[in-house]
Q: 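Before we start, here is the structure in question, set down as structure tokens.
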Amino acid sequence: MARLNDEVGALLREYADLILLSGGNAFRARSYEKAARSVGGYPGDLAHLDEAGLRAIPGVGDSTAEKISEYLASGRMEALESLRAKIPPGVREVTQIPGVGPKTAVLLYRKLGIKSVDELRKAADAGKLKGLPGLGEKTVENIRHGIEQLSQASGRTLLSIALDLAEDLVAELGAVPGCKKCDYAGSLRRMRETVGDIDILATAKDSAPLMAALLARPEVADVIGSGTTKTSIRTDKGLQVDLRVVQPAEWGAALVYFTGSRAHNIKLRGRAVKEGLKLSEYGLFDVESGKKLASRTEKEVYAALGLPWIPPTLREDRGEIEAAADGALPDLVQLKDLRGDLHTHTDLTDGLAPLEVMLQTAADLGYAYYAVTDHAPNLAMQRMTDDKMLAQRARARDLDREYSGMRVLHGTELNIDAAGDVDWPADFLAGFDLCVASIHSSFGLDRAAQTKRLIRACENPHVNIIGHPTTRLLDRRPPIDADLDAVFAAAAHTGTALELNASPQRLDLTDDQAMAAQRHGVKFAINSDAHSTPALSNRRFGIATAQRAWLTKDDVINTWSLTRLRAFLRKPAVRGGGG
DNA sequence: GCCGTTTTCGGCCCGACTGTTTTCAGTCG
């Protein structure tokens with residue numbers, strides 16, 4: 001449902017970028033950017049709004065509302081099309097390179113005719129960038145480095161984007177007459193942070209209607225192949241979708257096979273071979289007699305191999321098969337276990353919704369507690385002041401009384417500076433129920449300095465959670481370079497939780513990092529870092545990361561009772577309270 | 001282009017950091 005909003009948001013963002021690239025007014029561009037964000041974070045469906053309704057969205061005025069309704073009615077935005085005609089798409093792509101903004105991209109385009117990242121790479125290699133005004137040796141080197149970073153990240157699609165499409169496809173294909181079962185498989189089902197393609201599995205006696213339904217989808221740009229058992233298409237966004245139709249009796253074996261991972265499957269097959277069995281996408285068979293032993297459900301297949309069903313998020317051959325055989329699979333944390341969100345924003349800083357609206361949405365999610373943690377003053381762009389924060393606290397205390405089932409915690413997201421210090425003196429910090437502290441700048445410090453600043457933040461008695469600890473952005477920014485083992489040890493020792501930031505662009509810490517941290521005894525907070533009401537639902541990606549890290553409820557502080565959580569937030573380990 | 005304890009124009013997220021400058025432009029959060 002939110003996808004149309006995202007689509008319109010993306011178009012408005014593109015329009016804003018093209019305004020800048022065509023030398024238009026920067027405030028005008030910013031205004032479209034703001035509208036894009038606002039539309040993307042709007043909780044309702046744009047399709048149900050007329051122009052007056054659209055104008056009621058903050059940041060959307062006459063001009064933007066008109067463009068949106070034009071798009072809703074015709075599927076086109078004329079003003080956008082005309083700017084697209086002036087600026088080649090690759091010029092905008094060039095601004096994706098870290099450190100390259102619109103000014104530089106335009107300069108490269110005007111002076112050298114560069115209209116793609118690839119052309120820029122070639123020009124840099126050929127030494128053609130030298131001598132351009134404002135581009136010294138260092139900048140050229142930074143551009144090269146940026147291109148390198150960009151190329152390493154590309155080629156895969158964010159989990160959230162792929163999941164959105166996959167859920168849509170499963171809903172539509174599952175409703176096709178004759179379809180018995182339909183689900184997505186592959187790395188998507190294992191909830192990896194990015195996916196290479198979407199695998200959809202379905203059962204039906206006659207596959208033709210299912211194949212036809214996929215081919216008729218509006219986002220199909222290219223048909224790679226289509227037969228009776230498999231159809232592959234590529235979407236307009238370049239994402240490949242494979243639909244496989246199997247016999248109902250083979251559903252379980254096929255689902256195991258296509259869910260993977262490859263390494264998990266290989267180990268399963270090895271286990272089968274040892275017992276004189278053969279495992280394929282068609283079933284588990286006795287080699288000698290050729291008799292089929294299991295295939296109808298995943299549970300049957302695993303059971304016939306002497307194993308309990310293994311959750312897809314664990315199927316990476318990281319010891320899950322051995323653990324399953326020993327009856328030692330972890331009791332993974334589930335979405336329903338989450339009792340609260342401990343890192344969220346409101347429109348007091350860069351969030352989109354007022355405190356009241358965020359709280360109501362949180363209450364609707366069934367939370368027992370909820371922390372509002374707006375930005376602190378050192379992130380200057382947020383214009384936070386002591387007075388604003390105290391006024392919000394007073395309001396939060398009032399609102400707390402209005403919710404019988406949910407406690408409102410007043411917190412903040414502090415800024416960890418280059419030395420590891422944070423905003424506000426200790427006495428002011430003591431007034432918060434909890435403090436998240438995160439890095440927002442100085443990403444380029446060396447390993448020793450990054451390690452030191454993170455440890456120093458952990459040692460601060462008022463810092464309860466380190467937010468997005470590595471600051472990586474998928475496809476955009478690499479993680480900072482720090483000795484994470486040292487940081488994990490400090491976090492565990494000081495009673496500072498590390499965040500599993502659930503924003504799909506962040507997913508920070510990663511599953512592997514969380515797994516390593518857990519071995520140090522670190523506790524975690526699964527937080528949405530929501531800047532809008534729909535983003536509160538991103539928690540599902542945090543849960544997925546936690547599961548992939550083998551975490552249980554006991555590892556995750558926001559599955560705990562409020563009493564236990566409050567005891568943890570007092571940081572007895574640092575304050576010398578003796579526990 | 002949007003918005004208004006500013007009412008129809010005149011501001012708009014501010015400051016650090018970097019690399020190129022010799023006083024500043026571009027990028028980023």
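Please read all numbers here as calculations on a predicted model, not as lab measurements. We name chains A, B, ... by the order of the sequence lines, and we start the count at 1 in each one.
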Q: Using the C1' atom in both, what is the distance from B:dT20 to B:dT27, to the nearest Å?
A: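 Approximately 14 Å lies between the C1' atom of B:dT20 and that of B:dT27.
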
Q: Output the rounded distance in Å from CG (A:Asp423) to C1' (B:dG29).
A: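 Atom-to-atom, A:Asp423 to B:dG29, this comes out as 14 Å.
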
Q: Among pairs that include at least one residue of residues 66-117 of chain A, which meet ring pair (Phe, Tyr, Trp, His ring centres under 6.0 Å), considering only residues two or more places apart or in two chains?
A: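 For residues 66-117 of chain A: none.
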
Q: I'd like to check the side-chain hydrogen bond (donor to acceptor under 3.5 Å, both in side chains) partners of A:Asn501; sequence neighbours left out, ordered by chain and number.
A: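 Scan of A:Asn501 (side-chain hydrogen bond (donor to acceptor under 3.5 Å, both in side chains), adjacent residues dropped) gives A:Glu499, A:Asp529.
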
Q: B:dG19 phosphate, OP1 or OP2: any side-chain N/O from A:Asn142 under 4.0 angstrom?
A: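 Yes, A:Asn142 has a side-chain N/O under 4.0 Å of OP1/OP2 on B:dG19.
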
Q: P atom, B:dA16 versus B:dT21: distance in rounded Å?
A: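 My reading of the P atoms in B:dA16 and B:dT21 gives 24 Å.
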
Q: Side chain of A:Pro102 only, heavy atoms from C-beta on: which candidate in B:dT27, B:dC2, B:dC13 is closest?
A: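 From the listed options, B:dT27 comes nearest.
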
Q: Does anything in residues 106-126 of chain A come within less than 4.0 Å of DNA chain B? Heavy atoms only, and list the residues if so.
A: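 Per residue number, the list is empty: none.
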
Q: Is A:Ser31 close enough to B:dC12 that one of its side-chain N or O atoms is under 4.0 Å from OP1 or OP2 there?
A: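 Indeed not, no polar side-chain atom of A:Ser31 lies that close.
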
Q: Only pairs under 3.5 Å count here: list side-chain donor-acceptor contacts from residues 119-143 of chain A, not counting sequence neighbours, and write none if there are none.
A:
from	atom 1	to	atom 2	distance (Å)
A:Glu119	OE1	A:Lys115	N	2.9
A:Arg121	NH1	A:Asp118	OD1	2.8
A:Lys122	NZ	A:Asp118	OD2	3.2
A:Asp125	OD1	A:Arg144	NH2	3.1

Q: Using side-chain hydrogen bond (donor to acceptor under 3.5 Å, both in side chains) as the criterion, list what pairs up with A:Asp483, not counting sequence neighbours.
A: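 Here no residue qualifies.
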
Q: Check every strand shown and say whether A:Asp350 touches a base, only sugar-phosphate, or nothing at a heavy-atom separation below 4.0 Å.
A: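 Nothing, no nucleic acid heavy atom in range.
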
Q: Please measure how far the P atom in B:dT6 lies from the corresponding atom in B:dC12, and state the result in whole Å.
A: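 Looking at atom P only, B:dT6 and B:dC12 are 13 Å apart.
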
Q: Return the residues of residues 64-86 of chain A meeting this criterion: a heavy atom under 4.0 Å from some atom of DNA chain B. Order them by number, or give none.
A: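 Listed by number, they are A:Thr64.
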
Q: Run the ring-centre check on A:Phe432 versus A:His462 and record whether the distance is less than 6.0 Å.
A: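 Aromatic pair excluded; centres sit 6.0 Å or further apart.
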
Q: Mind checking whether A:His345 and A:His531 have parallel, tilted or perpendicular rings, split at 30° and 60°?
A: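 Parallel, since the angle between the ring planes stays under 30°.
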
Q: A:Gln505 CD to B:dG29 C1': how many Å, rounded?
A: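 Answer to the nearest Å: 15 Å.
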
Q: In residues 440-451 of chain A, which residues come under 4.0 Å of DNA chain B by heavy atom?
A: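 Hits under 4.0 Å, by residue number: A:His440, A:Phe443.
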
Q: Just how far, in rounded Å, is P of B:dG26 from NZ of A:Lys103?
A: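 Value for this atom pair: 5 Å.
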
Q: For A:His375 and B:dA16, give me the distance from atom NE2 to atom P, rounded to whole Å.
A: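 Between P of B:dA16 and NE2 of A:His375: 17 Å.
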
Q: Given B:dC13, B:dC2, B:dG26, identify the nucleotide with an atom nearest to the side chain of A:Met381.
A: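 Minimum distance to the A:Met381 side chain belongs to B:dC13.
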
Q: With P as the reference atom in both, quote the distance from B:dT7 to B:dG1 in angstrom, rounded to an integer.
A: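 That atom pair is separated by 23 Å.
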
Q: Starting from P on B:dG29, measure out to CZ on A:Arg37 and report it in whole angstrom.
A: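 Taking atom P of B:dG29 as the reference, CZ of A:Arg37 is at 13 Å.
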
Q: Please say whether more than 12 non-hydrogen atoms of neighbouring residues, nucleotides or ligands are located less than 6.0 Å from NE2 in A:His493.
A: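 Atom NE2 in A:His493 is not packed in, count stays at 12 or less.
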
Q: Considering only B:dG26, B:dG29, B:dG1, which nucleotide approaches the side chain of A:Arg476 most closely?
A: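 Looking only at side-chain atoms, A:Arg476 lies closest to B:dG29.
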
Q: Check the distance between B:dT20's C1' and A:Glu141's CD and give it to me in whole angstrom.
A: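 In whole Å, B:dT20 C1' and A:Glu141 CD are 16 Å from each other.
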
Q: With side chains defined as the heavy atoms from C-beta onward, is the minimum distance between A:Asn464 and A:Ile557 less than 4.5 Å?
A: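 No - every pair of side-chain heavy atoms lies 4.5 Å or more apart.
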
Q: Under 3.5 Å, is there a donor on one side chain and an acceptor on the other for A:Asp511 and A:Thr545?
A: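 The answer is no; no qualifying pair exists.
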
Q: Using the P atom as the point on both nucleotides, what is the distance between B:dC17 and B:dG11, in whole Å?
A: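 Rounded to whole Å, the distance is 29 Å.
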
Q: For residues 339-362 of chain A, which residue pairs qualify under salt bridge (Lys or Arg N to Asp or Glu O under 4.0 Å), counting only residues two or more places apart or in two chains?
A: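 For residues 339-362 of chain A, and leaving out neighbouring residues, the salt bridge (Lys or Arg N to Asp or Glu O under 4.0 Å) pairs sorted by first residue read A:Glu356-A:Arg395.
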
Q: On the nucleotide B:dT20, are OP1 or OP2 found under 4.0 Å from the side-chain N or O atoms that A:Thr139 carries?
A: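 For A:Thr139, the contact criterion (side-chain N or O under 4.0 Å from OP1 or OP2 of B:dT20) is met.
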
Q: Between A:Gly101 and A:Val140, who's closer to the 5' end of DNA chain B by nearest nucleotide?
A: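 Nearest nucleotide further toward 5': that of A:Val140.
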
Q: Apply side-chain hydrogen bond (donor to acceptor under 3.5 Å, both in side chains) to A:Gln360 and list each qualifying residue two or more places apart in sequence or on a separate chain.
A: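 So A:Gln360 forms a side-chain hydrogen bond (donor to acceptor under 3.5 Å, both in side chains) with A:Asp364, A:Tyr403.
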
Q: When all nucleic acid strands are considered with a 4.0 Å heavy-atom cut-off, which category describes A:Phe27: base, sugar-phosphate, or nothing?
A: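 The residue A:Phe27 makes base contact.
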
Q: Quick one: list whatever passes side-chain hydrogen bond (donor to acceptor under 3.5 Å, both in side chains) with A:Ser69, sequence neighbours left out.
A: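 If we apply the side-chain hydrogen bond (donor to acceptor under 3.5 Å, both in side chains) test to A:Ser69, skipping adjacent residues, the hits are A:Glu51.
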
Q: Let's see if you can work this out: which of B:dT27, B:dG19, B:dG15 has an atom nearest to the side-chain heavy atoms of A:Ala380?
A: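 The answer is B:dG15.
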
Q: Which whole-number value in Å describes the distance from A:Ile439 CD1 to B:dC17 P?
A: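 Nearest whole value for this atom pair: 14 Å.
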
Q: Taking atom P in both B:dC3 and B:dC13, compute the distance separating them and give it to the nearest angstrom.
A: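 The same atom, P, in both gives a distance of 12 Å.
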
Q: Using purine N1 to pyrimidine N3 plus N6-O4 or O6-N4 for Watson-Crick, or N1-O2 and O6-N3 for G-U wobble, each under 3.5 Å, what pairs with B:dG1?
A: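 Here B:dG1 is engaged in a pair, and the nucleotide opposite it is B:dC12.
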
Q: Just distance, no hydrogens or angles: give the donor-acceptor pairs under 3.5 Å from side chains in residues 88-106 of chain A, sequence neighbours left out.
A:
from	atom 1	to	atom 2	distance (Å)
A:Arg92	NE	A:Asp17	OD2	2.8
A:Arg92	NH2	A:Asp17	OD2	3.1
A:Thr95	OG1	A:Arg92	O	2.5

Q: Applying ring pair (Phe, Tyr, Trp, His ring centres under 6.0 Å), can you list everything that pairs with A:Phe27, at least two apart in sequence or on another chain?
A: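 Applying ring pair (Phe, Tyr, Trp, His ring centres under 6.0 Å) to A:Phe27 gives none.
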
Q: Rounded to whole angstroms, how far apart are CE on A:Met384 and C1' on B:dC13?
A: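 After rounding, the gap between these two atoms is 13 Å.
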
Q: Establish, with yes or no, whether the OP1 or OP2 oxygen of B:dC2 is under 4.0 angstrom from a side-chain nitrogen or oxygen of A:Arg30.
A: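 Negative; the distance criterion is not met.
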
